[in-house]
Novice: 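A single structure is presented below for examination.
Naming convention: chains lettered A, B, ... in sequence-line order (proteins, then strands); numbering from 1 in each chain.
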Amino acid sequence: MRLGFNLWFGGFLTVLVIFAGLFAPWLAPFDPVLDANLMNSELPPDGEFWFGTDSQGRDIYTRILYGAQISLTVGIVSQIINSVIGVTLGMTAGYWGGWWDDLVNGLTNVMLAIPSLIFALAVMAVLGPGLPSLLIALGFTNWSWTCRIARSSTLSLKSQGYIQAAQTLGYSDLRIMFTQILPNMLGPILVMATLGMGGAVLAEASLSFLGLGIQPPFPSWGSMLTDAREMMQLAPWAAIFPGLAIFLAVLGFNLLGDGLRDSLDPHMRTRKL
Amino acid sequence: MSAPLIEIKDLKVDVPLKGGKAVPILKGVSLQIMPGETFGLVGESGSGKSVTSLAIMGLLKKPLKATGGQILYRGEDLLTASKKTMRNLRGNRIAMIFQEPMTALNPLQTVGRQIAEMFVLHQGKSWAEGQKLAVEALAAVKVPSPERRAGNYPHQMSGGLRQRVMIAMALACNPDLLIADEPTTALDVTVQAEVLKLIRELCAERGTAVLFISHDLGVIASVCQRVGVMYSGVLVEENDTRALFSNPQHTYTKGLLGALPRLGSRTADSRNRLVDIDSIIADRSVLTQERYIAPRITEGGAAQ
Amino acid sequence: ETPRKGGTFNFTAPYGSAFSTLDIHGSPNIQEHFVTYAIHRSLYSWDSNNNKPVPELAEKVDVSEDGSVYTFHLKKNAVFHHGKPLTADDVIFTYKRLADAKNALPGASYINIIKGVAEFGKGEATEIEGLKKIDDHTLEVTLNAAGNPGFNLMESTTSIYPSDYPLDQQAIKPVGLGAFQFKEHVPGSQVVVERFDKYYEEGKPYLDRVNIIVMPEGSARDVAFRNKEVDVSVLGPVQYQAYQQDAALKDHILEVAETFTRNVGFNTEAVPALADKRVRQAINHAINSDLIIERLVKGKAVRAVSWLPKGSPAYDESAQPYAYDPEKAKALLKEAGYENGFEFEVTATPNESWGVPIIEAILPMLKQVGITVKPKPIESAALGSTVQSGDFQAYMWSNLTGPDPLTSLRCFWSQTAQAACNYTKFSNAEFDKLYEAARAETDEAKQMELLKQANNLLQEEAPVWFFNYNKAVMAYQPWVHGLAPNATELALQDYDSIWIDDSAPASRK
Amino acid sequence: MLKFTLRRILQMIPTLFVVALLIFVIFSVVPGSFATALFSDGRTNADPQLIERLNREFGLDRPLLERFTTYIWDLARFDLGTSFRTRLPVLDMLGERMWPSLKLAIAAMVFAVVIGVPLGFMAALRPGSLFDSVTMIGAVSGLSLPQFWLGLLLMMLFALQLNWLPSFGYGDGSIRNLILPAMALGVTPLALLARTTRAGVLDVINSDFIRTAHAKGMSESAVVRRHVARNALVLIVTTVGLQFGSLIGQAVVIEKLFAWPGIGSLLVDSVAIRDIPVVQGAILVIVLWFLVINTAVDLLYAAIDPRIKQE
Amino acid sequence: MTAPILEVKDLHVRFPITSGGLLGGGKRYLHAVNGLSFDLARGECLSVVGESGCGKSTTALAIMGLQEPTEGSIRFHGKPMTGPQAPGRMARARAAQMVFQDPYASLNPRQTVWQSLEQPLRLHGVKDKAEIERRISAMLKNVGLTPEQGKRYPHEFSGGQRQRIGIARALILEPEIVVLDEPVSALDVSIRAQIINLLLDLQEKFQLSYVMISHDLSVVEHMSDRVVVMFFGQIVEQGPWQAIFENPQHPYTRRLIAAIPDPDTFLKEDTEALVKVLPPAPAGYRHMGDGSVPPNVFEPPEASELIDIGGGHLVRYLRA
Ligand SMILES: Nc1ncnc2c1ncn2[C@@H]1O[C@H](COP(=O)(O)OP(=O)(O)OP(=O)(O)O)[C@@H](O)[C@H]1O
Ligand SMILES: Nc1ncnc2c1ncn2[C@@H]1O[C@H](COP(=O)(O)OP(=O)(O)OP(=O)(O)O)[C@@H](O)[C@H]1O
Ligand SMILES: [Mg+2]
Ligand SMILES: [Mg+2]
């Protein structure tokens, strides 16, 4: 019963975010950047500005809709990078073993030992703020869990009869990895990636807060929240709505991830998240 | 004429589904186990052997539900017995050993303590006394150097030893009935032979009745006096072991016996083809209609 | 009203989450200077009321004819907290420490006006040539060139240390000449100083104790201030607005235009359009600076006219800022051939008053006249090096433009390197002429006149968008007296002049 | 056991070395330096000579390899160098910040354990119940909350509206200052603990040996006490340990938000001004902390679980 | 007699086990297979029996090229299959195939039966659609499935049917040798019979050579021509099936046979009679233990000899 709930509610929230992001230009009553009128700054929510305006006099509702684009991009792209790195390293390490496995394991341990936010912070400091840096910072620092899962899945799949059968049938290693192993561990990887998307959105917000976020003036929820912090008392709506958007989007990803896990493999342990 | 120790009457177990429907798991199983008797239950995977045994123990878990019939232990219905009564019976009067000796023991406690727990629970002994008795119990199941072994953790023991520990635990309180659910399936043949011998001897010695579950006809033959064959939630045939093996009645039983390669049956130049049930009977669903329950022959010779 | 003696003053240090060091020579940051002002003294100090440096540790200063030799007659009653009286040796000891290149102390750049500092720094000399001890209380200082050394020798980073006190102890238990002596440091929390009875100024200080509390978060200060837990609070834009609207608070606000000019500097080489003076003027006309100041900066700034800030001796009171006039801007752009607009990037930090938020605000305004602006965010730490290397199309910064106008305008002299401070690579023959003339002028009034002209020329040339001068605002509790409007940094207050009256809460009295 | 401990400790060295190398490389290519950062606030006019001098003073003009070898050599002698900004030994600066960080982490962890573990335990004992569903939805929500948003909301409510607690800062180190940041920081581990505890307990409950325990005739509560709790502890201890180990690193944002003088805020501040020795030191301390806690957890694990000791 | 198609000579497999020592230094070796030699004739079924962990699967994997032997050689039609001259996977694939124990794990859950059979064919150069179609249909029929069932996924089949699919996959490349690793031990008794029958039928039909690994002696007796009894990585007894079952010489073999829970044995009630009288060892030799004491797998075994006692019946004795 709860299984169903996770999946549909998480799916619903995720679809909502995707919908908001894709159709922002049509849904939003204003332009997120140019419709800034300082005369209208910090207005509370009303009929015209549903969620109020920010200090620049921009419509928060509009910016939240557009912000979904950033959050989705950050979430999806960074997780694709993570998954590709993690799966490639983990699968090859698990499959080939030996020194390569030791190397990958060592690297994974190092990556795990450095908190990913701090790692991302360092990478952002090198690359400077902005979306591409953010994608790299979040994409290259969070693959260790995916790698571990890919590795352990590969190890357990490797002893499965059908992998050995493929070897005896003359399949090359790469062919086995891509046609036999990869499809069979996509489930847990997908779950990790979905949960990771939530993590990436949160990390984006945190980095924005630390001053290393997305390129303004284009809105990201994290930077909206950060901007709003100074006007907490005068314009609480400017902090509440972006925060709520982050919360709901992350909740959506997390529930979806949980739901996928429950339906793909009821026995998969609660790992990172 | 002694009364049966356990009498199962028309036991029905279902998995209830939404909307009032239910998937039947046991479709009215009836059987009796006399005191001191070793009763074997065979049947293919999923036929309901374990469910029957768990029902006796009162350990049916969530989706499974006993929806009809009775399980009479010395005349008392276990299905309606209070929790407390069941707790006092379980382990104490009716004990059980499971298939996987690797996982059936708590990995974080010494085996000595796990056996001692039985004495603490049912005989009100202190832990120290329990430990002493546990060593004796280990000695009884022929574990070498039981004092040392009592301090071992399960992972420090081989599968055979672990299964002996399970037996020691089950027999700790001299139960009336021991339920052994495939106790040797996970073991090597030679170890299996030893464990079977142990069960056979200990239970005979103590007069413990045994409900022995296995899908291996050879194993059943080696320990049981009477055998029941289950098929798809139904007890399709029941008879004395010798009679059943020499003269199976039920189509499924026939198939089962014929499918078994028998040692020494192959001659130098030919082997007889093994029987394939599907070649005897096309529609398996009719198998549950057929039933052969042979009357019990008591010592007096009278059919019961 | 006569100052009341005694009491505890709870001061807030708003510029960081800790005091990074108590060895004040090591820190160029204002945050640590809040401690310096209590504990240490430099040769000169800033007179906030008259906007000029005045000798602090000397009773009398004699200046030579050519203006390059200064003789300081040190105060005879100045005593360090550990009991040693001030002598010329202490000054020499201090300056030698600063000058030593191996120490790489930020104060070095201030004392290098003294002759021989460079040679000493490189280890080519064992003494600083320009420092001569006449006797214990007389010190002769020879400068490299004529000029007032007060602007430099008043800096906190040139505070005089006692020559007999171990230097490594200065970071732990600092000892100086100030009105208060060090009591304790709770890292990340506060520094406590107590009245020094042998302070050289008669009758001062009034306070018994000052707690300098670390409070970087505006909202934290706000809460604490409203709860009367602290006696002063530096206000950010949002709070400034709120306090002005609050009847109970609005009468106890001290504000001053600080000597910082916020501006957007243009790279005329990277963006051809910006090489045209008319385009730069158009930008100045197209932006409604007053609105931004009112709305985003919440009025906590003074509209900039040109480079030199209000309060600079060379500020022209009669000059008017660029008027907000989009039509004129369009016309100018058309004239320059850019009626279809152009595009440029502004490198900016996240700073709320002179960073990306401001760029976001000018973005729609410039869009109206056809210019597309893109903010390019950068970390604060990287701004300096980026701008110095010329790797920008435009940048937003807040630059120190006081107190010495000659130093400030040097940044537009064509001989000044981009890496020094001529960030826009400004080069204008007329300006150079005015600047060089001013530099050579020894008469102060004439010099100021020349600088004024140069400053007005800058406005006309508009190498930057003149945004505003920072307005520093400090709220204080009604029982606090003796605060001064320090235009170099409002929060730097002479603690020895502060006193609190009877209306203070009991715990404070 | 001693050998095991020793081995685990030695195993940390290569990881630390690689981390040291990694952060050294990253921060040697970072744009801006301490010297230029000094002038970025516009308060001081840049002086190229001073910048050069500072860089020379900090050895930033020397070849990379040489810098790295000195750095590692110093590290090997537990010398983390001297802060550019304060000129104090980095070790001393970190020492000062360690206690507030630890205090925050401990408080957050206590908050998480005291609430999360019982919740998870109770949920697992009633799987599928309303209590279970509510707890688990709460837990996933807790994991989805942006920590600093939660911090802001807590601040708004408890400090600004109700005025019960101080909103910021370390104060005099009293519990009152600790409560809000610890709550904001503790929510994630709390939610995680509730989930892992539930999963762990459920796992144990469904395992064969619990069936054995029931078959022994134990009462439900005795089974939970004697068999479920201890076995579930293994997973809980691991999660608590892992969380505790990474909490100091995770605390960066909360420390910044609440102006908490911990390692995290020191790190961020130092990155901002490119005080590289402090940055490297802080990251190494955070990593070391993680590794030490992990090792401790492994040892504890071995103490609880006899299966580990063998190897 | 024709030349054997498979010759295994002095096969050793050792696994490095890392444990103990600081930083995981001290390496120990687990001696899984110790000097195994046997050969296989065309059309023959050779069974390898022994207890869990005695190295049966390792041997199978070595034959399949899935486990590199530490020492020794494996030759196929006289050509080496191991070492530097070993052929590639493709060539090996056409020589030998394998049927696995667990029918649930031996099929890729994400491929239809048809795909699992088609891919290897394509890989081995069969490109013609019609031919592929024909061969797969024929193979499915051979193992008792319909071509229509080929479109389904493995989870739609029962254990017995999956094992049939596994067999089809092993045979699709028409190998000469099929290695059967416990092909029926995971199956229900009634289904076991079907698979055994099927294997025997196919052997006859395609003149296959089987290496069958099993611990179930009754199955072994039923299927094999020759039997190899393994104990702790060594052959302790080897010979034609009658010799092994009717005249077991090694104490371990006797123990194994005695332990079989065969209904007939128990019903006849003459259990363990066999074990009691052990024929004397040849002069100068003594019997090995009966395997009731587990050996130390981290040490190489005690020196011993495999002695032919006639008719290809080999028994291992220790030197007296
Ligand atoms: N918890 C459960 N929920 C739903 N169905 C169950 C559950 N436990 C058992 N069953 C079903 O009950 C039937 C009988 O199961 P049972 O475990 O008694 O079989 P078995 O005869 O012991 O088989 P095996 O030889 O494999 O142990 C099976 O069809 C099984 O799918
Ligand atoms: N990859 C490996 N690494 C280390 N040890 C191994 C490996 N594979 C097998 N072994 C060990 O080698 C020995 C022989 O294993 P093998 O799997 O060949 O036994 P088996 O006879 O097939 O047993 P079973 O009947 O249980 O399948 C065992 O002790 C096993 O633990
Ligand atoms: Mg069962
Ligand atoms: Mg095997």
Side-chain angles (χ1 to χ4, degrees), chain A residues 87 91 93-106 108-110 113 150-191 260-261 263-268, chain E residues 16 18 23-24 57 60-61 63-68 87-111 113 115-125 154 162-163 165-173 175 177-179 181-183 186:
Chain A
V87 168
M91 190 165 67
Y95 189 81
W96 282 320
W99 65 268
W100 174 241
D101 189 27
D102 293 342
L103 188 75
V104 170
N105 253 337
T108 314
N109 285 340
V110 170
R151 181 174 171 274
S152 61
S153 306
T154 307
L155 279 179
S156 70
L157 286 174
K158 203 169 84 165
S159 60
Q160 300 271 300
Y162 65 91
I163 304 295
Q164 298 192 333
Q167 290 176 325
T168 66
L169 286 167
Y171 288 41
S172 66
D173 283 353
L174 283 181
R175 192 186 198 88
I176 289 174
M177 281 189 242
F178 282 99
T179 66
Q180 309 289 316
I181 294 179
L182 188 57
N184 283 298
M185 65 181 192
L186 273 184
I189 299 297
L190 190 70
V191 170
L260 283 176
R261 169 169 52 209
S263 58
L264 285 172
D265 179 4
H267 301 299
M268 190 174 149
Chain E
T18 44
L23 291 166
S57 297
L61 294 181
I63 294 171
M64 294 312 301
L66 297 175
Q67 172 65 55
E68 192 61 32
R89 270 186 203 171
M90 297 285 278
R92 211 182 245 283
R94 284 184 293 259
Q97 280 301 324
M98 185 154 172
V99 174
F100 297 88
Q101 171 175 2
D102 183 356
Y104 292 87
S106 64
L107 296 173
N108 187 339
R110 272 159 226 282
Q111 285 185 337
V113 170
Q115 285 169 335
S116 331
L117 295 178
E118 181 183 358
Q119 274 187 7
L121 280 179
R122 285 191 179 280
L123 193 68
H124 286 266
R162 287 183 203 222
Q163 202 60 313
I165 299 165
I167 294 169
R169 182 184 52 198
L171 298 185
I172 192 79
L173 293 178
I177 300 171
V178 179
V179 175
D181 190 359
E182 314 243 7

Novice: What residue, out of A:R175, A:Q164, A:Q167, has the most heavy-atom pairs lying under 4.5 Å from chain E?
Specialist: A:Q164

Novice: How about A:M185 and A:M91: do any of their side-chain heavy atoms sit closer than 4.5 Å?
Specialist: yes

Novice: Do the side chains of A:Y95 and A:D173 get nearer than 4.5 Å, heavy atoms only?
Specialist: yes

Novice: With a 4.5 angstrom heavy-atom cut-off, which part of E:N108 approaches chain A: side chain, backbone, both or neither?
Specialist: both

Novice: With a 4.5 angstrom heavy-atom cut-off, could you sort out which part of A:S172 is near chain E: side chain, backbone, both or neither?
Specialist: backbone

Novice: Measure distances from E:Q111 to the heavy atoms of chain A and classify the residue's part below 4.5 Å as side chain, backbone, both or neither.
Specialist: side chain

Novice: Is there side-chain contact between A:T168 and E:R89, with heavy atoms separated by less than 4.5 Å?
Specialist: no

Novice: Indicate yes or no: does E:D102 engage E:R162 in a salt bridge with an N to O separation below 4.0 Å.
Specialist: no

Novice: So which residue, E:Q97, E:Q119, E:M98, ends up with the most heavy-atom pairs under 4.5 Å with chain A?
Specialist: E:Q97

Novice: Of the listed residues (A:S159, A:A166, A:G170), which shares the most heavy-atom pairs with chain E below a 4.5 Å separation?
Specialist: A:G170

Novice: Which one wins on heavy-atom pair count under 4.5 Å against chain A: E:A93, E:A105, E:S116, E:A96?
Specialist: E:A105

Novice: Would you call E:F100 and E:D181 a side-chain contact if the rule is heavy atoms closer than 4.5 Å?
Specialist: no

Novice: Do the side-chain N and O atoms of A:Y162 and A:N184 include a donor-acceptor pair separated by under 3.5 angstrom?
Specialist: yes

Novice: Of the backbone (N, CA, C, O) and the side chain (C-beta and beyond), which part of E:L107 lies under 4.5 Å from a heavy atom of chain A, both, or neither?
Specialist: backbone

